[in-house]
Enquirer: 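For reference, the structure I am asking about is given below.
Within every chain, numbering begins at 1; the chains are lettered A, B, ... in the order of the sequence lines, protein sequences first and strands thereafter.
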Amino acid sequence: MNLDMSDEIPDAHRAIFDVVARIPRGRVASYGEIAARAGLPGRARMVGKVLGLAPDDRPLPWFRVLRSDGRIAFPPRSAPYREQRARLIEEGVRVVAGRVDIKAFGWERDLDRELWGHP
DNA sequence: AGCGTGACAAGGT
DNA sequence: GACCTTGCCACGC
């Protein structure tokens, strides 16, 4: 019956992976927004935990997930911090002092544009 | 069960 | 903006 250890990757985890995988290139979203879109309102902290478990063979754009205020969640100067910053910049997202302007690069902004054709 | 910890969030100083 | 405090949720001890 059951397989090895990863017997059952909880639906919640899969839902989170799916949402993160849909963040458009060049855009960012907050942990809370990911949780909400995954049908897990209030579980922002779970998103961070799950992303940490993300298997390497799954090319997940984890670096597009930031805190609600646009700041990178890792300690400045840490290895993951630097990688996230680099990968964001690589795809055109401006990172100033470890922070991204959500109003300019937030995923939500796409919806706003669709709904009422805004810049 | 209680307590500390963390890739969080929101509100106040 | 930088900090602090509360509220949250998931885990481990």
Side-chain angles (χ1 to χ4, degrees):
Chain A
M1 21 144 337
N2 152 5
L3 332 134
D4 48 348
M5 42 161 215
S6 57
D7 52 1
E8 135 204 355
I9 290 169
D11 291 347
H13 291 207
R14 226 179 59 65
I16 289 172
F17 288 140
D18 289 348
V19 174
V20 172
R22 282 205 300 281
I23 306 175
R25 182 182 168 80
R27 311 246 96 155
V28 298
S30 73
Y31 293 90
E33 184 184 343
I34 298 302
R37 287 190 187 240
L40 305 164
R43 284 161 205 124
R45 305 192 82 137
M46 182 180 192
V47 174
K49 178 74 76 179
V50 170
L51 288 185
L53 305 173
D56 293 352
D57 59 333
R58 191 190 289 239
L60 200 67
W62 55 269
F63 53 89
R64 295 180 186 143
V65 186
L66 307 167
R67 278 160 104 161
S68 61
D69 61 1
R71 295 208 313 101
I72 288 176
F74 297 108
R77 291 181 288 298
S78 68
Y81 170 94
R82 281 203 273 264
E83 184 184 352
Q84 181 162 21
R85 176 175 173 287
R87 299 191 66 169
L88 285 172
I89 292 175
E90 186 278 327
E91 58 180 42
V93 175
R94 258 191 357 242
V95 183
V96 182
R99 176 176 354 192
V100 171
D101 182 352
I102 299 297
K103 291 271 129 218
F105 300 97
W107 191 6
E108 276 300 306
R109 182 170 172 285
D110 284 347
L111 290 180
D112 292 346
R113 273 203 316 197
E114 287 174 28
L115 296 180
W116 39 325
H118 220 279

Enquirer: Let me spell it out: for each of A:Met46 and A:Asp69, pick the nucleotide of DNA chain B with the closest heavy atom. Which residue's pick is nearer the 5' end?
Expert: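 The residue closer to the strand's 5' end, by nearest nucleotide, is A:Met46.
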
Enquirer: From B:dA9, C:dG1, C:dC8, pick the nucleotide closest to the side chain of A:Arg99?
Expert: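 Closest nucleotide among those given: C:dG1.
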
Enquirer: Would you mind checking if A:Glu91 and A:Arg87 are paired as a salt bridge, meaning a charged N to carboxylate O distance below 4.0 Å?
Expert: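 Salt bridge absent between A:Arg87 and A:Glu91.
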
Enquirer: Tell me which nucleotide among C:dC9, C:dG1, B:dA9 gets nearest to the side chain of A:Ala44.
Expert: B:dA9

Enquirer: Give the rounded distance in Å between these two atoms: NE2 of A:His13 and C1' of C:dC11.
Expert: 11 Å

Enquirer: Once you round it to whole Å, what is the distance between C1' of B:dC8 and CZ of A:Arg37?
Expert: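 Distance, rounded to whole Å: 18 Å.
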
Enquirer: Side chain of A:Lys49 only, heavy atoms from C-beta on: which candidate in C:dG7, C:dC11, B:dA7 is closest?
Expert: C:dC11

Enquirer: Atom CG of A:Leu40 and atom C1' of B:dC8: how far apart are they, to the nearest Å?
Expert: 14 Å

Enquirer: For the CZ atom of A:Arg67 and the CD1 atom of A:Ile102, what is their distance to the nearest 0.5 Å?
Expert: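 Interatomic distance, A:Arg67 CZ to A:Ile102 CD1, rounded to 0.5 Å: 12.5 Å.
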
Enquirer: Could you pick out which residue, A:Arg43 or A:Arg71, lies toward the 5' side of DNA chain C when each is mapped onto its nearest nucleotide?
Expert: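 Nearest-nucleotide comparison on DNA chain C picks A:Arg71.
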
Enquirer: How would you label the contact of A:Arg67 with the nucleic acid (heavy atoms, under 4.0 Å): base, sugar-phosphate, or nothing?
Expert: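 Sugar-phosphate: the residue A:Arg67, judged by heavy atoms under 4.0 Å, touches backbone atoms but no base.
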
Enquirer: Quantified in whole Å, what is the C1' atom distance between nucleotide C:dC8 and nucleotide B:dG6?
Expert: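 It comes out at 12 Å once rounded to the nearest Å.
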
Enquirer: Would you kindly give the CD-to-P distance between A:Glu33 and B:dA7, to the nearest whole Å?
Expert: 21 Å

Enquirer: Within this structure, what is the CZ-to-C1' distance between A:Arg85 and B:dA7, rounded to whole angstrom?
Expert: 18 Å

Enquirer: Without decimals, in angstroms, what is the distance between A:Tyr31 OH and B:dC8 P?
Expert: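 Distance, rounded to whole Å: 6 Å.
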
Enquirer: Backbone N or O of A:Ala104 within a donor-acceptor pair of the A:Arg27 side chain at under 3.5 Å?
Expert: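 Confirmed, A:Arg27 side chain pairs with A:Ala104 backbone.
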
Enquirer: I need the CZ-C1' distance between A:Phe17 and B:dA7, as an integer number of Å.
Expert: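 In whole Å, B:dA7 C1' lies 13 Å from A:Phe17 CZ.
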
Enquirer: In terms of side-chain geometry, is the basic nitrogen of A:Arg85 or A:Glu90 positioned less than 4.0 Å from the acidic oxygen of its partner?
Expert: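 Salt bridge flag = no for A:Glu90 with A:Arg85.
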
Enquirer: Are OP1 or OP2 of B:dC8 and a side-chain N or O of A:Ser30 less than 4.0 angstrom apart?
Expert: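 No.
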
Enquirer: If you define the side chain from C-beta out and look only at heavy atoms, does anything of A:Phe105 sit under 4.5 Å from A:Arg64?
Expert: no

Enquirer: Quick one: A:Ile102 CD1 to B:dA10 P, roughly how many Å, whole number?
Expert: 11 Å

